Amino acid sequence: MCGREWDLLDEVFAPVFSPSTGIALEFLGLNEPTTARPAGSFLEIGCGSGVTTVMAALAGFDRVVGSDISPRAVENTAVNAERHGVGGRLSAVHSDLFSGLAENDRFDTVFWSSNYVMAPDSYEYESVHERAYVDTGYRAHRRYLEQAPRWLTPTGSALLHFSDRGDLPALHRIADETGRELRTLRSERVREGEYGQDMVEHMLIEIRPARGR
């Protein structure tokens, strides 16, 4: 991916079988790592194999953190950071969303390419790998909408990569309930996956405190 080779460990989301990672890089403007960017800090929730976090570091962010609930994903991100020479500016942490971060951490960009498939509250995960795709009752989405703006610098931006395979009305209901406003910054329709023909709309959504909240 991105003209580079990457390590991929067992049980970690494989970005080559879905367009989501490539679209996320495009949405964030990280396709061209030589493009000059202002210094700043970048946090990715659900860093997986570390492609997005490494590309953020290569693009010029001076502090990059990748967070993942899977210990294997944390290890994979660290391996790829070293492979591409950005280990000094990129750290990977084992964390359920923001739980593993230092209390005083703040970021200019907080980003999550979410597990937008909604499952019933009673659904039980059969593997850690499923958490890359499925969110029971949108509990993680609720927590992200509520908490992400709290981890921003004064001029920072909290972003969510979502798709129309998810439940967009439910996402907006959660935003209303948590005092958040959602604004779609970019969208793109693409063929979903190497082996599928479905056209799926991907969206980059900004999360803001609701006016008057």
Side-chain angles (χ1 to χ4, degrees), residues 1-35 37 42-61 64-70 72-86 90-93 95 97 107 109-117 127-135 140-141 144 148 157-166 184-206:
M1 296 191 71
C2 312
R4 297 171 177 269
E5 293 186 357
W6 305 82
D7 287 288
L8 181 65
L9 304 184
D10 292 341
E11 300 180 5
V12 178
F13 173 76
V16 292
F17 297 124
S18 167
S20 60
T21 299
I23 294 169
L25 293 171
E26 180 181 334
F27 280 166
L28 296 168
L30 301 178
N31 306 66
E32 300 294 335
T34 57
T35 301
R37 296 180 64 90
F42 180 92
L43 168 66
E44 182 184 20
I45 300 297
C47 54
S49 60
V51 173
T52 301
T53 48
V54 168
M55 293 299 287
L58 290 171
F61 283 99
V64 178
V65 176
S67 158
D68 206 290
I69 197 170
S70 164
R72 290 288 279 173
V74 174
E75 179 186 356
N76 206 155
T77 295
V79 166
N80 279 321
E82 292 300 322
R83 179 178 187 129
H84 296 289
V86 293
L90 191 160
S91 59
V93 298
S95 178
L97 293 182
F107 299 91
T109 302
V110 174
F111 173 74
W112 182 32
S113 186
S114 76
N115 51 348
Y116 44 71
V117 177
S127 70
V128 174
H129 189 65
E130 281 191 349
R131 294 179 183 273
Y133 303 95
V134 177
D135 182 16
H141 283 78
Y144 184 77
S157 182
L159 304 173
L160 175 69
H161 178 190
F162 201 71
S163 102
D164 63 1
R165 281 193 164 177
T184 300
L185 303 180
R186 296 188 64 180
S187 66
E188 182 176 347
R189 291 191 67 79
V190 299
R191 184 168 65 88
E192 183 67 13
E194 185 177 348
Y195 305 108
Q197 298 299 322
D198 293 344
M199 296 299 293
V200 176
E201 182 178 5
H202 289 254
M203 295 155 272
L204 182 67
I205 299 171
E206 185 175 31

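Being a predicted model, the structure only gives us computed values, none of them experimental. Heavy-atom basis, side chains included; hydrogens, waters and symmetry copies ignored.
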Subject >> Check: Phe162 ring centroid to His141 ring centroid under 6.0 Å >> reply: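 Judged by ring-centre distance (under 6.0 Å), Phe162 and His141 do meet the cut-off.
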
With distance as the sole test, does [X] use its side chain to make a donor-acceptor pair with the main-chain N or O of [Y] at under 3.5 Å?
X	Y	value
Ser91	Val65	no
Thr77	Gly48	yes
Thr184	Arg186	no
Arg189	Met199	yes
Asn76	Leu9	yes
Asp135	Asn115	no

Original post:
Do you know the tightest heavy-atom contact between His202 and Val190?
Top reply: CD2-CG2, 3.6 Å

Sequence neighbours left out, what passes side chain to side chain donor-acceptor pair (under 3.5 Å) with [X]? Give chain and number order.
X	result
Ser20	Ser18
Thr53	none
His84	Arg4

Subject >> Residue pairs involving residues 12-22 (criterion salt bridge (Lys or Arg N to Asp or Glu O under 4.0 Å); sequence neighbours excluded) >> reply: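 Applying salt bridge (Lys or Arg N to Asp or Glu O under 4.0 Å) to every pair that reaches into residues 12-22, excluding sequence neighbours, yields nothing.
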
Subject >> Any residue meeting side-chain contact (heavy atoms from CB on, under 4.5 Å) with Ser157, in chain and number order, not counting sequence neighbours >> reply: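 Leu159, Glu206.
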
**OP:** Using salt bridge (charged side-chain N to carboxylate O under 4.0 Å, His left out) as the criterion, list what pairs up with Arg83, not counting sequence neighbours.
**Re:**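 Partners of Arg83 by the salt bridge (charged side-chain N to carboxylate O under 4.0 Å, His left out) criterion, ordered by chain and then number, come out as Glu5, Asp7.
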
